[in-house]
Trainee: 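Dumping the structure here so I can ask a few things about it.
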Amino acid sequence: MASSAGPHAKIVEEINDITIFLVEVGLANDQNFAFWSDGPNSTKTVNFANMPPFAPMLKARPYSEMYFEQRESRAYNVRMLDGALIQMVYEFRHDNLERYRLAFLPAPDLQSFQNDPDVYNEDILFADVMDPRVVTVPLRFDFDARDGVSENLVHPKSHLTLGQYKSCRIAATAPLTPFLFAEFVLRSFYNTALEVVSRDLPAGSLRMEKCITAEEEGLVHIGVPYSSPRREMVRQARTSKASRRR
Amino acid sequence: MPGDAVVVRGTNDKPAASTALARYFEDHEGLGGRLFIGYPIIGALDGKYAVDAVYISPTKGVVLFDLVDGNNIAGFEDRQDEAANKLQSRLIGHRELTHRRRLIVPLNTITFAPALGDRAIPEDDEYPVANANTLSDSLAEIEWPDGNEEKFKRTLSAIQSISTIRRARNARKVARETSRGARLQRLEESIATLDNLQSKAVIETVEGVQRIRGLAGSGKTIVLALKAAYLHAQHPDWRIAVTFNTRSLKDQLKRYINNFTIDQAGEEPNWNNLRVINAWGAPGGANRDGIYHEFCVANSVKYQDFGTAKFRYGQRDAFRGACATALDEAVSPKHVYDAILVDEAQDFPPEFLRLCYSMLDDTKRLVYAYDELQNLSGTGLPSAADIFGRDDAGSPIVSFHESSQDIGARRDIILDTCYRNSRPVLVTAHALGFGVYRTPPEGRSSGLVQMFDQPDLWTDIGYRVAGGDLSPGHDVSLARTGHTSPPFLENHSTLDDLVEFKTFADAEEQTAWVAEAIRKNLEEDELRHDDIVVINPDPFTTRRNLGPIRKALLSKGVTSHIAGVDTVADVFFDTEKDSVTFTGIYRAKGNEAGMVYVVNAHESYSAATSLARVRNRLFTAITRSKAWVRVLGYGPEMERLIAEYEAVKAANFELRFNYPTDRERALLEVVHRDMTADQVQAVRKQRQSLSNLIADLEAGVVMPDDLDEELLDRLRDILNKDNG
């Protein structure tokens, strides 16, 4: 069927590959597989569990409350060895990405683990990752292409929010694929001097189109690898040239 | 001809009369039956009611004692009525004690006031009053013509029943009577009731320190929890703390305490006074509090978190250092608790126990429970003299010698019956844990890795001497008894099904086998997800090793999770979701499952150092099993491990070995001692340099004459001392 080959299916596959990888290398304590389903208005939603995918996160309550609630209801793709929750939800309409939410929600309070010497005995991998100087920060990549939602500079189409600050929307060049998000999280928060775990993450070939405006690009922003029609052409030209040479 | 009465001394608020009563029953031989002091506690509509003392015998039925300290007995008729009514209402609920709406056992009452003068005793047939002189007469008046041993046992069982405590989680769906699920279900139902000896251990209370030792699966944790609940029920305004090492115990402890208190006293515990808290603790609220932190706050000394302590004292000695420093700095430690109960004491440094001791009022009610072999870091618990120190005269501050005061209550309780592991599983675990059938390395006569200092400990933990002599230097053969290893634990399956050792070509083969075995357990054997646990004994390799197995299971559609340290909810089994638990050795402790897979058991088989620690881990992993265990691995070392198991089987699950002498045992401790990474490095370097020296000497590159005579003498002395 045509729809099963659409981008939503590829995203599901990429998310699940990443999930299995995290399980295999021992970074994941618990996991849910991703799947897609039909939504209203010809949308297809990629989610990890049967629950509202874009639940508002900005209700005025403490982060820890929200974290534990999500954790108890197992609302995540992966729960990492240090308690961090990874959530990836994508919504497509007519094969175009309409919106997504990619969240990295670390456990709010790491001190309770740190005073337990057995942590270090038991979870050697974990102990390296934990550092008493660290302050964890939840971060969220959001994307919304629907009419009337984004606004130049104020509300970039693809943006990064740090620490759940309401007005923090750091423009990103393009939407992130699951691979790019996972690689970013692993490399930033889980690589240690001894173990470069991000290196073996199964690479995703998907790239999304650039969506940042020129003005947003003129200010500090997050650079995200993207695909463009011209780039696609160049890439195809290179591959066919290479194959001709052989 | 009945033997002497058994006295079980709990606690109540009439210490003088209690002691006198206990003494009476101890002094009068041949009375038979059992005397409980401070038990049972009966929950009723108008609040809980504590019985002062009760005596049960086949010839007298039930005799309730209303105890009086001093000589004011006013109100004794009402009190006797109340006691009888309350106990009646409790017992009448037991169908096996009733016949046509009436109790088959008579309830009598006596007010016992040892301080009352003979002349002050009222003449009252309906409400007898007695002192120590007249008690014999009062008791003689009581008879139970229809009494017999069977009715006595039923009554005893009903009075001390604490049966709801261990109720299993949701019942399984079993369709086939012989499936694993069905067998496990029946097994659990049989274990649910605490036996006589365990409830005795719960009630026995002493002034001072009490120690509970027991092997894995003997119910130490339950006994400790119920003891705390019992003390709390009897003394609601005492401040009591229960602490533990493994986080997953917190939930268990609270559950047992809650169930017991509701079952016995009809109300919930007051968690403000009875606190189940961590050992270390951190600032920031009651949830994270811990004993050490409370000590620091109470005594205004500096609190150190793990990071700081690790930096100052090293990782392994972090807690030890923190406790020691705090103790030094606290000038005169404040008394914070009336009683402290410590589970898994073998995993704490002695300094922590001293810290707890210092936080208690002068009665020093400290109860600690431990298991020698389950110390996962390889070091045992020192003697009480070493833990608590000696006074100026040189006598130990804490000792477990029975004193004349201790009638009916032991200071040193040993639980010898294992309720979790069947005989084959337990003996296998002990054999591997001690290295009983390990091939001796070159130059040594024994393959033993460790051994109890006191040979008697073997019989204490439920072995009998099947042959030879249980003493140093002699051959001995040890076996479990039918009492200490109840047959029903093993009768449900064949020997080869209970314990299976298997070796594979490599890790991949092991992974594939485990994944398929688990699938079968779930889809064909009628086991639940939380009946299965996969354990990797070596903490260093746990995540790396378990990942591929979890991945293989995922591709078979079976969900699993790792019981990690990242938990505020100290939950081991995911009872909400159908998910199989994977775990490292530290999180496995204190938990149990019907089907246990121990993977990579071969790792560190030939460890040059800390072999005791490696063997202890194997012991702990294997003893998690309530029914079946699979010990798996690959490579030549797995074959050697399997050879040890085959030897256990060939010995018909008896432990046969030559008991090491003191010298030999000291050597064992030295050889298999726990070393830090630095020490390991140092030893390795010196081994290498010694090896080099010998090579040079043999090759003639270096001659003995080249070496300094004084140095050689010193070397000879050292070598001779070891071999002398």
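Naming convention: chains lettered A, B, ... in sequence-line order (proteins, then strands); numbering from 1 in each chain.
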Trainee: As an exercise, state the distance from NE2 of B:H561 to CG of A:N29, rounded to the nearest 0.5 Å.
Mentor: 8.5 Å
Trainee: Within this structure, what is the CG-OG distance for the pair A:D30 and B:S560, rounded to the nearest 0.5 Å?
Mentor: 8.5 Å
Trainee: Are the side chain of A:E24 and the backbone of B:R550 linked by a donor-acceptor contact shorter than 3.5 Å?
Mentor: no
Trainee: A:F33 versus chain B, heavy atoms under 4.5 Å apart: side chain, backbone, both or neither?
Mentor: side chain
Trainee: A side-chain contact here means heavy atoms from C-beta on lying under 4.5 Å apart; do A:V25 and B:R543 qualify?
Mentor: no
Trainee: What do you reckon, is CD of A:E13 surrounded by more than 12 foreign heavy atoms closer than 6.0 Å?
Mentor: no
